[in-house]
> 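Here it is: the structure, laid out below.
Letters A, B, ... are given to chains in the order of the sequence lines, protein chains preceding strands, and every chain is numbered from 1. This structure is a prediction, so every number in the text was calculated from the model and none was measured.
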Protein chains: 2
Amino acid sequence: MSKDSIVSIGLSAAIVAVESEQPMVLVVSHDGSDDALPFGPFDPAHHRTLESGLRNWVGEQTRFDLGYTEQLYTFGDKGRHTPAGGDKGHQSSARVVSVGYLALTRRMKEAPETQWRGWYNYFPWEDWRDSKPAMIDSVILPALKKFVKDAPDAETAELRRERVNVCFGDGWDEERVLERYELLYEAGLVEEFYRDSGQASKGPALGTPMLFDHRRILATAIARLRGKLKYRPVVFELMAPTFTLLELQRAVEALAGLRLHKQNFRRLVAEQGLVEGTGKLSAPARGRPAELFRFRREVLRERPAPGLRLGGRRTRSA
Amino acid sequence: MSKDSIVSIGLSAAIVAVESEQPMVLVVSHDGSDDALPFGPFDPAHHRTLESGLRNWVGEQTRFDLGYTEQLYTFGDKGRHTPAGGDKGHQSSARVVSVGYLALTRRMKEAPETQWRGWYNYFPWEDWRDSKPAMIDSVILPALKKFVKDAPDAETAELRRERVNVCFGDGWDEERVLERYELLYEAGLVEEFYRDSGQASKGPALGTPMLFDHRRILATAIARLRGKLKYRPVVFELMAPTFTLLELQRAVEALAGLRLHKQNFRRLVAEQGLVEGTGKLSAPARGRPAELFRFRREVLRERPAPGLRLGGRRTRSA
DNA sequence: CCAATTAATACTCATTTCGAGTATATATAT
DNA sequence: ATATATATACTCGAAATGAGTATTAATTGG
């Protein structure tokens, strides 16, 4: 019963912040290799929990102290962590199981070797704030149509058709980030697919690729965050201590990749009692200054599920 | 950078079925030891993904083929898998990280050494179908009040007070199963707390204990399933191919631990197009036979988030 | 002081969804 | 027929949603 299975555990973190209306993620990028999420091994001898291990080496490596963190998913796929091409820095014999985390912060300091990049660099099809990204109709859907057609049998074709419809059909569900990425991966529309399978790349490679399965972990992080937004006041982890309501709205929009209806957004925030005014005003370059608000921590006790159920998607810009 | 961290991965599965209005979970119980979820090691040499490893040995051990499965969480806490008392069957040197899964099935066959038990045996405070469980007012709340009072400092006390309120205060949120279990654990109201910390048990030990951290995994499973119910048609994984609408309602009620309003439940099911009638009728012992329905798989394509957002909690029984 | 700029508010309004209820009709076993 | 169950029909008010239109307010730059 206890045939022992030795693997090593890797911890990866999608550390997220929002700056000037862009959701940013902290990546490690040395020399010419792909961007990576900060990652490192879990050392069971020194840490009582996975999360404390994470906090510890993230602190060391990126000089960050994480605020809110959340475990995302544990990936153990052979071939997606250790690509066919061979890897450096890991024993090729030991299998790596990677546990992904989401962390939110408002600190933007950069450590050596790391930099902040907008997450839509990796997922350009996920930003619908200005309009539906043109690449969906011009590139993605035609390629996916071909993917459906190339299915080995009718049953697979039907399955693929459904997935294409759910992921990119009408009725955009901003939470299905991972499903969409996985579909694009399987359809050979992202570079990682060719890298992992050792095939020659053909056709368009969408978005900026990442090391190992890090883009998948980031997709999981975005999906989780977009979902959580609606029933937990997590945005505030990303805001300065005080902020204007419009800044708050812009942050939510940035994360969700959608435009919201201003009046309704405020009605919601007000009704939920998520914020309280500080009599102070913002100091804009031009125009009327807005009042500065702060997060009301008390709501956590008062309401069962305080969040910003978005929904009010506007067709045109704000 | 690659100081190697050797651990072994354990896979545990909460395999759930519903039988005669009780949610059941498959447990392994030999001799006098605590009930355990089926669990086993992940063998990286033989399996490409964690999930295929899980399906494989669950198949071997329990002769079950899992249908729907979902990863829950990865626990790596020292001390909660390998209790102070020492354990058998695992090298005490290797740290075990356990990945929990939820699996749904309608098959009720039992393999040797395993048996189906109602999950409310482990969480008696979670079943509100008949009425608010008396133990909450008579045992839990008084004990938690003491837990708040015994806090080392005022700040901790305030934190605890909030948690007690969120978990057991008015406004029952059926999804907070894990939060409640963790609170009871920390407050020393479940046996596992004493076992893990090596202290002498004192006070009431609520519910049936389980091996290792299996009750925590089961709590996670219940929470996840209760949540998922609302936006994905997962109940049908637990139903026979055909069923009456009342049977469906009873299954949802069993899982959610709540009573629902019959007319509204039907309105919902009908509106969502989740089921379709087969002209056939059920054969009850007495009384009017009900029509048999089947799940309309097509909704998965049609609607973005088909589920049974419950809510219609009735105060008294059906 | 005036125009331009930007934000904040005030209200409206129709549509859905929710939660809870009352009242009936229907099928079967005995 | 009666008891036992189930299935439907409707109603009704309260709340939440989604999308507007129209006004008001505070600054900066002339």
> Select one nucleotide: of D:dA7, D:dT27, C:dA8, the one nearest the side-chain heavy atoms of A:Ala290.
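From the listed options, C:dA8 comes nearest.
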> So which protein nitrogen or oxygen atoms get under 3.5 Å of nucleotides 2-6 of chain C's nitrogens or oxygens?
from	atom 1	to	atom 2	distance (Å)
C:dT6	OP1	A:Arg286	NH2	3.3
C:dT6	O2	A:Arg288	N	3.2

> Please give, in whole Å, the distance from D:dG18 C1' to A:Leu258 CG?
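So the CG-C1' distance, A:Leu258 to D:dG18, works out to 14 Å.
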> Rounded to whole Å, how long is the line connecting atom CZ of B:Phe265 with atom C1' of D:dA9?
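Taking atom C1' of D:dA9 as the reference, CZ of B:Phe265 is at 19 Å.
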> Which word best sums up how the rings of A:Phe295 and A:Phe236 line up, parallel for under 30°, tilted for 30 to 60°, or perpendicular for over 60°?
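Correct class here is parallel.
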> Roughly how many Å is it from CG in A:Leu248 to P in C:dA8, rounded to a whole number?
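Going from A:Leu248 (CG) to C:dA8 (P), I get 11 Å.
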> Whether the side chain of B:Arg224 engages the backbone of B:Gln71 through a donor-acceptor N/O pair (distance < 3.5 Å, no angle test) should be reported.
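Yes: the side chain of B:Arg224 pairs with the backbone of B:Gln71.
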> By the 4.0 Å heavy-atom rule, please label B:Leu245 as base, sugar-phosphate, or nothing.
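Since no nucleic acid heavy atom lies under 4.0 Å of B:Leu245, the category is nothing.
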> Measure NE2/B:His261 against P/D:dT8 and give the value in whole Å, please.
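Answer to the nearest Å: 16 Å.
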> Rounded off to whole Å, could you give me the CG-to-P distance for the A:Leu281 and D:dT27 pair?
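Rounded to whole Å, this separation is 6 Å.
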> Now, which nucleotide makes the Watson-Crick or G-U wobble pair with C:dT30, with each of the two distances under 3.5 Å?
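Here C:dT30 is engaged in a pair, and the nucleotide opposite it is D:dA1.
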> In plain terms, say whether B:Arg226 and B:Glu126 are close enough for a salt bridge, that is, a side-chain N and a carboxylate O under 4.0 Å apart.
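Salt bridge between B:Arg226 and B:Glu126, a charged N being under 4.0 Å from a carboxylate O: yes.
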> Which whole-number value in Å describes the distance from A:Lys262 NZ to D:dA22 P?
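My rounded result for the distance is 17 Å.
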> So, B:Tyr120 side chain and B:Ala254 main chain: donor-acceptor pair closer than 3.5 Å or not?
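The answer is yes, because a donor-acceptor pair under 3.5 Å joins these two groups.
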> Is a side-chain N or O of A:Arg296 found less than 3.5 angstrom from the main chain of A:Gly273, in a donor-acceptor match?
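Answer holds: yes.
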> Counting N and O atoms only, with roles assigned by atom type, does the side chain of B:Glu253 sit under 3.5 Å from a partner on the main chain of B:Arg129, one being a donor and the other an acceptor?
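Checking the backbone N and O of B:Arg129 against the side chain of B:Glu253, no donor-acceptor pair under 3.5 Å is found.
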> Please state how far atom CD in A:Gln272 lies from atom C1' in D:dA16, giving the value in whole angstrom units.
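Between C1' of D:dA16 and CD of A:Gln272: 11 Å.
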> Output yes when a side-chain donor or acceptor of B:Thr105 lies under 3.5 Å from a complementary backbone atom of B:Ala17, and no otherwise.
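Side chain of B:Thr105 to backbone of B:Ala17, a donor-acceptor pair under 3.5 Å: no, none is there.
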> Would you check if the side chain of B:Trp172 reaches a backbone N or O of B:Gly169 as a donor-acceptor pair within less than 3.5 Å?
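Checked: no pair found.
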> In whole angstrom, give the distance that lies between atom CD of B:Gln249 and atom P of D:dT6.
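Interatomic distance, CD of B:Gln249 to P of D:dT6: 10 Å.
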> Restricting to nitrogen or oxygen on both sides, can you table the protein-nucleotides 10-15 of chain D pairs closer than 3.5 Å?
none

> Would you find a donor on one side and an acceptor on the other, under 3.5 Å apart, between the side chain of B:Glu247 and the backbone of B:Thr244?
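Yes, the answer is positive, given that a donor and an acceptor are paired below the 3.5 Å cut-off.
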